[in-house]
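Structure first, commentary second.
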Amino acid sequence: MPLSRYLRTAPHEWLLATLRRRAVLLNALQGIGCLQWGLLSYRFQPVICGSTSTSDIALHEEYTAIGAVWLFASIACLADRAPSWAVEAVACCCHITFSATVLWGTPATWSALIIRGGSLIFCGVRPIPFFATIAVDGLNAFLSHPFEHPCNVLDFAFGVISMLTMLTVSYFAMHTHWSQLFDAQRDLATEKTGLNKLLNMVCDAACWVEPDTG
């Protein structure tokens with residue numbers, strides 16, 4: 001069985017029409033989560049921890065700003081005049097901005113953020129923007145990660161390789177499923193068109209038979 005069968009991607013316009021509302025909802029939820037991280041954590045951290053540093057305040061303000069932009073940009077994608085690439089652009093740009101902010105603010109969370117890139121799959125992001133976004137995440141994680149021992153470099157490399165492999169397999173697995181769904185819908189549409197033409201031919205072929213008078 002050829003490998004290309006498992007590396008197919010569904011047509012972008014069809015996929016966008018199928019996933020548009022779900023992708024907008026997913027982006028909006030991530031924006032709300034970012035707002036929650038910025039606003040609620042900022043309010044409760046002094047109560048729990050006793051104090052809040054200036055750097056923490058600045059970080060929470062960045063989370064709040066990113067969350068607000070993410071949420072309202074996602075809602076704007078529902079407009080009829082929104083271009084076809086709007087959902088994809090919002091998902092990738094906001095993900096990169098949020099991930100960079102968290103990675104440089106708290107580098108210990110890099111693994112969870114790269115895994116979070118899997119949400120881009122369900123937004124119908126095309127291969128080049130998807131893998132470019134994941135590559136930027138990996139680069140930010142590498143540059144912001146403190147390597148205190150040579151073994152840390154090896155652990156980091158194995159972690160990135162395993163997560164990139166998982167994301168790649170997940171991406172093409174979902175797109176293979178969507179490609180098969182697209183093919184099935186196209187075949188059904190072709191079959192329906194053929195049946196309609198056949199029925200029209202049958203209805204037009206009316207014949208009159210003279211009664212037997214012999």
Side-chain angles (χ1 to χ4, degrees), residues 1-34 70 73-80 82-100 102-103 109-142 155-196:
M1 192 173 293
L3 181 62
S4 58
R5 179 177 179 180
Y6 299 101
L7 298 179
R8 296 176 58 195
T9 56
H12 181 62
E13 294 298 330
W14 173 86
L15 191 59
L16 180 66
T18 304
L19 301 178
R20 185 184 186 89
R21 292 187 179 275
R22 298 176 188 176
V24 168
L25 177 61
L26 184 57
N27 278 320
L29 289 176
Q30 292 187 86
I32 293 172
C34 194
W70 205 340
S74 301
I75 296 174
C77 291
L78 291 174
D80 294 334
S84 59
W85 46 264
V87 176
E88 184 177 69
V90 169
C92 292
C93 293
C94 290
H95 172 85
I96 289 174
T97 306
F98 173 74
S99 297
V102 178
L103 284 169
T109 60
W110 66 272
S111 57
L113 283 171
I114 295 181
I115 291 295
R116 188 170 180 168
S119 64
L120 299 175
I121 299 174
F122 301 100
C123 292
V125 176
R126 287 170 290 184
I128 293 178
F130 174 78
F131 289 107
T133 301
I134 299 304
V136 172
D137 281 351
L139 181 61
N140 277 319
F142 176 76
D155 292 339
F156 180 86
F158 281 136
V160 169
I161 290 172
S162 63
M163 281 183 291
L164 290 179
T165 302
M166 184 183 66
L167 288 173
T168 301
V169 171
S170 301
Y171 182 87
F172 285 108
M174 283 303 304
H175 272 272
T176 298
H177 169 73
W178 286 327
S179 296
Q180 293 173 349
L181 179 60
F182 171 76
D183 291 340
Q185 289 186 358
R186 184 176 57 184
D187 292 342
L188 286 173
T190 302
E191 183 178 353
K192 181 179 179 181
T193 302
L195 287 174
N196 287 335

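Ring geometry for H175 versus Y171: interplanar angle of 30 to 60°, hence tilted.
The side-chain heavy atoms of W178 and L19, taken from C-beta on, include a pair separated by under 4.5 Å. Looking at F122 and M174, their side chains come closer than 4.5 Å, going by heavy atoms from C-beta outward. Within the 4.5 Å cutoff, the side chain of L78 has heavy atoms near those of the R21 side chain. Contact of the W14 side chain with the Q185 side chain is registered, since non-hydrogen atoms from C-beta on lie closer than 4.5 Å. The side-chain heavy atoms of S119 and L26, taken from C-beta on, include a pair separated by under 4.5 Å. Taking 4.5 Å as the limit, some side-chain heavy atom of T168 sits within range of a side-chain heavy atom of F131. Counting only heavy atoms from C-beta outward, the side chains of T133 and H95 approach each other to under 4.5 Å.
Atom SG of residue C77 and atom CG of residue L25 lie 12.5 Å apart, to the nearest 0.5 angstrom. The distance from atom CE of M163 to atom OG of S170, rounded to the nearest 0.5 Å, is 12.5 Å. A distance of 5.5 Å separates CG of L120 from CD1 of I134, quoted to the nearest 0.5 Å. Atom CG in N27 sits 14.5 Å away from atom CZ in R22 (nearest 0.5 Å). Annotation: the span from L103 atom CG to L139 atom CG amounts to 10.5 Å, rounded to 0.5 Å. The line from SG of C93 to CD of E88 is 9.5 Å long, rounded to the nearest 0.5 Å.
For the pair A23 and C123, the tightest heavy-atom approach, listed with the atom from each and the gap, is CB-CA, 3.7 Å. The two atoms that bring S74 and A28 nearest to each other are OG-N, 3.6 Å, heavy atoms only. The two atoms that bring D137 and I96 nearest to each other are OD1-CA, 4.5 Å, heavy atoms only. Between F130 and G117, the shortest heavy-atom distance links the atoms CE1-O, 3.6 Å. Residues P127 and T9 come closest through the heavy atom pair CG-CG2, 3.7 Å.
By the 6.0 Å contact criterion, CZ on R186 is enclosed, its count of non-hydrogen atoms from other residues, nucleotides or ligands being greater than 12.
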